[in-house]
Structures are given as structure tokens and as C-alpha cells.
Amino acid sequence: MPEPTFSERVYATVRRIPYGRVVTYGGIAALLGTPRAARGVGSALAALPEGNDVPWWRVVNGRGEISLPHYPGRLQRMLLEQEGVPFRRSGTIDLRRFGWRTQFWEEDRSDVGGRRPAREGGETNR
DNA sequence: CAGCTGACTCCTG
DNA sequence: TCAGGAGCCAGCT
């Protein structure tokens, strides 16, 4: 296992999320060093097999809500509430209180979400 | 190797 | 607060 795939690294990171905490897709991507790969994180989790040891339910979107519109039984919400993570009436989670390492990327999100860091000089680095 | 798709995120009106 | 549009990534066809 010389070069773990992106998905492998995603799973490894998700396994480190503490019980009762949640992380956003973009947050996982940022921890992996690729803050713009939030979509890739979603794809990786979507490919998870049934019997896995990855707490995928602790991953939510940037607005603190479940990103599984077509998943039956509200399973993710049930599991989170079971861990003590409360949902507001609007169906969102307070990431400021339950987000793991949330304040870390609150300091600088200029790289998150498909947006590139400004680079006004217009200078071609080479 | 080109083209699509999607458990994403951000900006603007 | 909500809808529309655009950008970025990994995995599949």
C-alpha cells in the first residue's frame, strides 16, 4: 500500500471523527490538504460498502444539514441524534458547537468550495 | 483519453 | 431566505 487512494484517505479521516461530533465534506477535504475536493469526499463516501467501519453519518454539508435526500428512513439523522447531536427545527446541526475542529477552518475559508485563492497579480507563476 | 455524474461549496441577484 | 450559476475533484463509462 504505497500510495493510498483519495478514498482511502477520506475513510481514514472520517474514522478519526470523535463520537458525537460532525465534520463537513469540505472540512474532510481540507484536512486532507485539498480544500476544494469536497465533491470528491462525497463520491468516496457514496462508494462505501455495507459492512464498513467508517462513521459516514458524522459527515454533513457546509450548512450543517444532511446531504442524503434520497436515503430512506432518515438513517443519518437517527444515528446522529443517538450520539447526542441535536437537530434544530429547520433540520440543521449547530456546527459551531458540534463540528469537529470547526474553528480551525473558520479562520481561513478562502480556499473552500471550488473558489480559488484570489491571485490578483494575474502573474503566471512561471 | 474525452465526457458525465454527483453524499459539495460559494457568490450574486 | 431562496433560486440560479459557476468552479473544483474523484471515479466511471
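Note that this is a predicted model, so its numbers are computed, not measured.
- Across all strands, A:Thr34 comes closer than 4.0 Å to no nucleic acid atom at all (heavy-atom distances).
- Residues satisfying the salt bridge (Lys or Arg N to Asp or Glu O under 4.0 Å) criterion with A:Arg15, sequence neighbours excluded, are A:Asp53.
- Atom CZ in A:Arg36 sits about 23 Å away from atom P in B:dG6, given to the nearest Å.
- On a pure distance criterion of 3.5 Å, no polar donor-acceptor pair joins the side chain of A:Ser43 and the base of C:dG11.
- Each of C:dA10, B:dA7, B:dT9 was ranked by its minimum atom distance to the side chain of A:Leu68; first place goes to B:dA7.
- The distance from atom CD1 of A:Ile17 to atom P of B:dA7 is 19 Å, rounded to the nearest whole Å.
- Under 3.5 Å, the side chains of A:Thr5 and A:Ser7 contain no donor-acceptor pair of N or O atoms.
- For the pair A:Ile28 CD1 and C:dA10 P, the interatomic distance rounds to 15 Å; values are reported in whole Å.
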Seminar exercise, completed: Dot-bracket assigned to DNA chain B with the 3.5 Å Watson-Crick/G-U criterion, [ ] for crossing and | for other-strand pairs, is .|||||.||||||
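- Of the listed nucleotides (B:dT9, C:dC9, C:dA10), C:dA10 has the atom at the smallest distance from the side chain of A:Phe6.
- Here the side chains of A:Val85 and A:Trp57 are not in contact, with every heavy-atom distance at 4.5 Å or above.
- With values rounded to the nearest 0.5 angstrom, A:Leu45 atom CG is found 9.5 Å from A:Trp56 atom CH2.
- A straight line from CD of A:Glu65 to P of C:dT1 spans 12 Å, rounded to a whole angstrom.
- A distance of 8.5 Å separates CZ of A:Arg16 from CD1 of A:Ile28, quoted to the nearest 0.5 Å.
- Counting to the nearest Å, the P atom of C:dC8 and the CG atom of A:Asn61 are 21 Å from each other.
- Computed from coordinates, the A:Leu80 CG to B:dA7 P distance equals 18 Å when rounded to whole Å.
- With hydrogens and angles disregarded, a donor-acceptor distance shorter than 3.5 Å links the side chain of A:Gln76 to the backbone of A:Val59.
- Taking 4.5 Å as the limit, some side-chain heavy atom of A:Ile93 sits within range of a side-chain heavy atom of A:Phe87.
- Atoms CZ (A:Arg74) and P (B:dA7) sit 18 Å apart, rounded to a whole Å.
- Taking atom CG on A:Leu48 and atom P on B:dG6, their separation rounds to 18 Å, with Å as the unit.
- Counting non-hydrogen atoms under 4.0 angstrom, A:Tyr25 reaches a base of the nucleic acid.
- Under 4.0 angstrom from either OP1 or OP2 of C:dC8 there lies no side-chain N or O belonging to A:Arg39.
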